S.K.: 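For reference, the structure I am asking about is given below.
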Amino acid sequence: MKKNRLIAFALSVSLLLGASACGKPAKTVSELIAEENAILDQHQELWTTALNSLDKDKLSQSTQSTNYADVLDLAIKNVKDQLSDEDYKTLTDDAAKVRKLEDQLQALPPEEGTTTPASDAFPAFEGKDLDGNAVDSSLFADNAFTVVNFWFSGCKPCVAELGDLDKLNQTVKAQGGEVIGINTETLDDNADAIATAKQILQTKGASYRNITFASSSEAGKFALNIMSFPTTYVIDRNGKIVGEPVLGGITNENSMKQLQENIDTAIANDGK
């Protein structure tokens, strides 16, 4: 089951199985999200165009904490002038369907006995790299900082920056850092997605580590909550997130400037 969205609405709490009024069990979070994925995937090219129009300024905290369909509506509004009447109707119909699913998601009760990870910490994880070697969140302790890039194989801006990320990895090694990639389609050890990701990385000359883990883990939920692709974080030696995430490719001058500022902050604070 594909569990990543082209753009993900950030759920504020962990959710579980609910019960409907007629006594039948409600759908789980993963089932509802999978239905949203299926809706977006039917018109993936249109949604990719719309969602790529979102920028950091419009993705404010208030926008991220509202119904995911509100984010879709904002994306549609951004590209409305570029759409035919038919394509506009297609996207608005999709957004309406997603809104109904989001209403069900938001109606589910919080899971008992769970806590939301600290907002400034990258969730602990156990997983593998794309060659099957075991990895876990202790890898952060090996470096003064780690640049973590979230991408997926069908994202053109994501793929376009892979070569630049590989060059960045070579540069930051001298600064005590490392670049790590997380392709959200490879979560749950999805063999087909891993094969595709490895081929793309090879084609782009990118040899830095890419890792995967369970979508049901806290790190998996974190990955599914990414608001736009590509998104890049800087994590310090203690697993703490440094600065704000960089939204958009590092091929953009402003994005690279912000990323370097986060890296410089991590270096300056290392060991303090």
Side-chain angles (χ1 to χ4, degrees), residues 4 8-14 56-57 59-65 110-111 113-129 133-151 158 161 165 168-184 186-187 208-250 252 254-272:
N4 70 289
F9 169 64
L11 298 174
S12 59
V13 292
S14 298
K56 182 178 179 180
D57 292 335
L59 291 179
S60 63
Q61 184 60 41
S62 60
T63 300
Q64 293 181 34
S65 62
E111 183 176 357
T114 62
T115 58
T116 303
S119 59
D120 64 343
F122 194 95
F125 64 85
E126 294 182 356
K128 301 175 182 177
D129 65 23
N133 301 304
V135 296
D136 59 43
S137 47
S138 67
L139 63 83
F140 294 132
D142 296 333
N143 302 297
F145 65 92
T146 304
V147 176
V148 179
N149 174 259
F150 289 90
W151 66 293
C158 301
E161 70 170 351
L165 286 167
L168 177 65
N169 187 45
Q170 300 305 316
T171 298
V172 300
K173 282 182 178 179
Q175 300 173 299
E178 181 183 8
V179 174
I180 297 282
I182 299 175
N183 182 313
T184 56
T186 66
L187 298 185
Y208 58 89
R209 278 198 293 180
N210 272 249
I211 64 175
T212 180
F213 33 71
S215 63
S216 59
S217 67
E218 290 304 318
K221 294 173 187 176
F222 184 96
L224 293 178
N225 287 344
I226 296 299
M227 287 296 296
S228 64
F229 291 88
T231 287
T232 305
Y233 284 84
V234 173
I235 314 297
D236 70 14
R237 191 184 301 275
N238 299 313
K240 301 292 186 181
I241 295 170
V242 179
E244 296 296 322
V246 177
L247 307 183
I250 65 168
N252 177 281
N254 289 333
S255 295
M256 188 60 219
K257 180 181 178 181
Q258 181 191 351
L259 179 60
Q260 188 61 56
E261 288 175 353
N262 290 346
I263 290 172
D264 291 342
T265 299
I267 294 173
N269 293 333
D270 188 41
K272 290 184 177 180

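Please read all numbers here as calculations on a predicted model, not as lab measurements.
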S.K.: Test your reading of the model: is there a side-chain donor-acceptor pair from Thr231 to the backbone of Ile226, 3.5 Å cut-off?
M.R.: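 No, Thr231 side chain to Ile226 backbone: no donor-acceptor pair under 3.5 Å.
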S.K.: Give a yes or no answer on whether the side chain of Asn252 reaches the backbone of Ser255 with a donor-acceptor pair at less than 3.5 Å.
M.R.: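 Flag set: sc Asn252 to bb Ser255 pair under 3.5 Å.
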S.K.: Considering residues at least two apart in sequence or located in another chain, which fulfil the side chain to side chain contact (heavy atoms under 4.5 Å, CB included) criterion with Thr265?
M.R.: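 Result, side chain to side chain contact (heavy atoms under 4.5 Å, CB included) vs Thr265: Val242, Asn269.
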S.K.: So for atom CD, which belongs to Glu126, do other residues, nucleotides or ligands contribute more than 12 heavy atoms lying within a distance under 6.0 Å?
M.R.: no
S.K.: Tell me every residue that passes side chain to side chain donor-acceptor pair (under 3.5 Å) with Asn210, counting only those two or more places apart in sequence or in another chain.
M.R.: Trp151
S.K.: Quick check: does any side chain N or O of Asp129 sit under 3.5 Å from a backbone N or O of Arg209, one acting as donor and the other as acceptor?
M.R.: no
S.K.: Could you go through Asn183 and Thr212, starting from their C-alpha distance and side-chain angles, then the distance that decides it, and tell me whether this counts as side-chain contact (heavy atoms from CB on, under 4.5 Å)?
M.R.: CA-CA 7 Å; Asn183 182 313; Thr212 180; over 6 Å; no
S.K.: To the nearest 0.5 Å, what is the distance between CE on Met256 and CG on Asn254?
M.R.: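 So the gap between those two atoms works out to 12.0 Å.
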S.K.: Mind checking the OG1-CG spacing from Thr232 to Asn262? Nearest 0.5 Å is all I need.
M.R.: 10.0 Å
S.K.: To the closest 0.5 Å, what do you measure between OG (Ser215) and NZ (Lys221)?
M.R.: 10.0 Å
S.K.: I'd like to know if the side chain of Asp236 and the backbone of Asn238 have a donor-acceptor N/O pair within less than 3.5 Å.
M.R.: yes
S.K.: Starting at CD1 of Ile267, measure out to CD of Gln175 and round the result to the nearest 0.5 Å.
M.R.: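 Ile267 CD1 to Gln175 CD: 4.5 Å, rounded to 0.5 Å.
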S.K.: Indicate the atoms forming the closest heavy-atom contact of Glu161 with Gly249, along with that distance.
M.R.: OE1-CA, 3.1 Å
S.K.: Are the side chains of Asn169 and Glu178 in contact, using a 4.5 Å heavy-atom criterion?
M.R.: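 Yes - at least one pair of side-chain heavy atoms lies under 4.5 Å apart.
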S.K.: Considering non-hydrogen atoms only, spot the tightest contact between Phe140 and Gly239 and give its length.
M.R.: CD1-CA, 4.1 Å
S.K.: Do you know which of Phe222, Phe213, Phe125 makes side-chain contact (heavy atoms from CB on, under 4.5 Å) with Ile182?
M.R.: Phe213
S.K.: At what distance, to the nearest 0.5 angstrom, does CD1 of Ile211 lie from CG of Leu187?
M.R.: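 If I round to the nearest 0.5 Å, the distance is 10.0 Å.
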S.K.: What's the shortest heavy-atom distance between Asn149 and Pro230, and which atoms?
M.R.: ND2-CB, 3.9 Å
S.K.: Can you find a heavy atom in the side chain of Phe145 that is under 4.5 Å from one in the side chain of Asp270?
M.R.: no
S.K.: Please enumerate all residues that pass side chain to side chain donor-acceptor pair (under 3.5 Å) together with Gln260, with sequence neighbours excluded.
M.R.: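 Per chain and number, Gln260 pairs via side chain to side chain donor-acceptor pair (under 3.5 Å) with Asp264.
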S.K.: Please test Tyr233 against Phe122 for ring pair (Phe, Tyr, Trp, His ring centres under 6.0 Å), starting from the C-alpha separation and ending with a verdict.
M.R.: CA-CA 9 Å; Tyr233 284 84; Phe122 194 95; 7.1 Å; no
S.K.: Please check this pair: side chain of Gln258 against backbone of Pro245, looking for a donor-acceptor N/O pair closer than 3.5 Å.
M.R.: yes
S.K.: Is any side-chain heavy atom of Val234 closer than 4.5 Å to a side-chain heavy atom of Leu259?
M.R.: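 A side-chain contact exists here, since the closest heavy-atom pair is under 4.5 Å.
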S.K.: Search all heavy atoms of Ile235 against all heavy atoms of Val148 and return the closest pair with its distance.
M.R.: CG1-CG2, 3.8 Å
